[in-house]
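Presented below is the structure to which this report refers.
Order of appearance sets the numbers: ligands from 1, and atoms from 1 within every ligand. Reckoned from all heavy atoms, side chains included, excluding hydrogens, waters and symmetry mates.
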Amino acid sequence: MIKKAIIPAAGFGTRFLPATKAQPKEMLPIIDTPVIQYVVQEAVDSGIEDILIISGKGKRSIEDHFDRNYELESRILEKEDEALYNQLKHIENMANIHYIRQKELNGLGDAIYHARFHCGNEPFAVLLGDTIINSAIPVTQQMIDAYEQYRQIVIAVETVPHDKVNRYGIVGGKKLSEKLIQITEMVEKPEIDKAPSNYAIAGRYILTPEIFSALEKTPRGKGNEIQLTDALRILLKQQDITATIIEGKRYDIGNKLDFLKTTVEFALKRKEFAAPFAEFLKEIVKGL
Ligand code: UTP
């Protein structure tokens with residue numbers, strides 16, 4: 001059983017400046033809930049009990065968010081707002097959360113490498129801290145199910161438009177079933193006419209401990225960073241790797257337009273906002 005997850009959350013978030021100059025992009029709220037809380041919730045809903053967050057400079061508010069705040073709790077208790085009190089208790093008790101700091105931002109591969117002692121000899125899930133996936137069955141659960149079946153590394157992928165493949169890590173391979181692909185190649189941000197498919201890596205992985213020795217052998221790649229995709233490509237020469245075509249909708253919050261779309265979609269799903277917000281949007285659209 002997979003009980004551990006890593007959430008990389010140390011990145012600069014340059015695509016979301018200036019908001020991310022002094023606050024983590026993973027703490028940007030979708031309505032009233034920080035992005036990383038949705039991510040932790042997905043992990044917990046998938047049976048994960050132990051989470052290591054890869055933290056770094058300027059990211060302390062993530063730790064505070066999942067910590068206990070006695071003063072705030074007692075203030076809420078005085079106000080006798082039980083629902084809000086229960087929400088606060090829920091956040092601090094979601095999982096067993098640990099932190100390690102990535103001192104230099106050398107890329108996602110390097111961030112994962114920081115988890116080597118924590119994960120030891122066990123397979124583990126990776127959930128990018130700036131990516132929310134909305135789905136009926138939590139995506140990490142979908143991937144754990146695929147891992148249980150094949151006992152090999154599983155990468156979440158989603159179909160993206162052909163003209164956007166150059167923004168993503170893309171996998172190519174042969175279909176094992178409707179939802180599973182046996183990966184034969186993997187390339188980070190390929191040129192549009194050289195991409196092996198339009199299956200884009202979607203910010204969720206089940207990795208096995210061999211990834212750490214592969215990361216040790218991985219030279220700096222795109223952006224002069226240690227890329228996880230490059231390490232996976234090394235492993236692909238030695239072992240089979242599966243991709244799961246996820247059932248769900250992915251939101252990359254590190255991208256401003258996606259952030260706006262997510263806020264609107266999530267607001268329309270919230271009982272207390274759905275009707276008045278829809279009215280407001282209709283008015284706006286009329287004026288376009
Ligand atoms: P991104 O690829 O979005 O990189 O990282 P970034 O640096 O945060 O953002 P931009 O491109 O500058 O806007 C995906 C996830 O991996 C983490 C990020 O915090 C994010 O949650 N990450 C990235 C690390 O933990 N360490 C790194 O060195 C890079």
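Listed by atom number, the atoms of ligand 1 under 4.0 Å from Arg15 heavy atoms are 3 (O), 9 (O), 10 (P), 11 (O), 13 (O). Residue contact check: Thr14 has heavy atoms under 4.0 Å from atoms 10 (P), 12 (O), 13 (O) of ligand 1. Heavy-atom proximity to Gln102, at under 4.0 Å, picks out these atoms of ligand 1: 24 (C), 25 (O), 26 (N), 27 (C), 28 (O). If you number the atoms of ligand 1 from 1 as listed, the ones under 4.0 Å from a heavy atom of Glu26 come out as 18 (C), 19 (O), 20 (C), 21 (O). Atoms of ligand 1 lying under 4.0 Å from any heavy atom of Gly129, numbered from 1 in the order shown and given with element: 21 (O).
For atom 4 (O) of ligand 1, the closest non-hydrogen atom of the protein is Lys25 NZ, 4.0 Å. If you check which protein heavy atom lies closest to atom 18 (C) of ligand 1, you get Gly11 N, 3.5 Å. Of all protein heavy atoms, the one lying nearest to atom 14 (C) of ligand 1 is Asp130 OD2, 3.8 Å. Protein heavy atom at the shortest distance from atom 7 (O) of ligand 1 is Phe12 N, 3.4 Å. In terms of protein heavy-atom proximity, atom 28 (O) of ligand 1 is nearest to Gly107 N, 2.8 Å.
When distances from atom 2 (O) of ligand 1 to the protein are checked, no heavy atom turns up under 4.0 Å.
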Can you check ring-ring contact (aromatic ring centres under 6.0 Å, His included) on Phe266 and Tyr251, steps first, answer last?
CA-CA 11 Å; Phe266 279 47; Tyr251 303 89; 5.4 Å; yes
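With Tyr113 as the aromatic partner, Arg116 meets the cation-pi criteria of under 6.0 angstrom to the ring centre and within 45 degrees of the ring axis. Figure legend: Lys256 and Phe259 shown without cation-pi pairing, the cationic atom not lying both under 6.0 angstrom from the six-membered ring centre and within 45 degrees of its axis.
When all heavy atoms of Gly248 and Ser135 are compared, the closest pair comes out as CA-CB, 3.7 Å. When every heavy atom of Gly56 is checked against every heavy atom of Ala10, the shortest pair comes out as N-CB, 4.2 Å. Smallest separation of non-hydrogen atoms from Ala19 and Leu28: CB-CD2, 4.4 Å.
By the criterion of a heavy-atom distance under 4.0 Å, neither the backbone nor the side chain of Asp110 is placed next to ligand 1.
Heavy atoms of Glu104 stay at 4.0 angstrom or farther from ligand 1. Distances from ligand 1 to the non-hydrogen atoms of Gly13 include at least one value under 4.0 Å. Remark: distances from the non-hydrogen atoms of Phe16 to ligand 1 are all 4.0 Å or more.
Checking only distances, Leu128 never comes within under 3.5 Å of ligand 1, N or O to N or O. For Ala10, a nitrogen or oxygen atom sits less than 3.5 Å from a nitrogen or oxygen atom of ligand 1, counting backbone and side chain alike. The shortest N or O to N or O distance between Lys59 and ligand 1 is not below 3.5 Å.
A donor and an acceptor atom, one from each side chain of His90 and Gln41, are located under 3.5 Å apart. Looking at Arg250 and Asn134, their side chains never bring a donor and an acceptor atom within 3.5 Å of each other. In summary, the side chains of Asp145 and Gln149 do not present any donor paired with an acceptor at a separation below 3.5 Å, with no hydrogens or angles considered. Between the side chains of Thr208 and Glu210, at least one donor-acceptor pair of N or O atoms lies under 3.5 Å.
The shortest distance between side-chain heavy atoms of Arg167 and Lys189 does not fall below 4.5 Å.
Residue Pro8 holds the heavy atom nearest to atom 17 (C) of ligand 1 of all those in Ser55, Pro8, Ala111, Gly56.
Using a 4.0 Å cut-off between a side-chain N of Lys or Arg and a carboxylate O of Asp or Glu, Glu178 and Lys175 do not qualify as a salt bridge.
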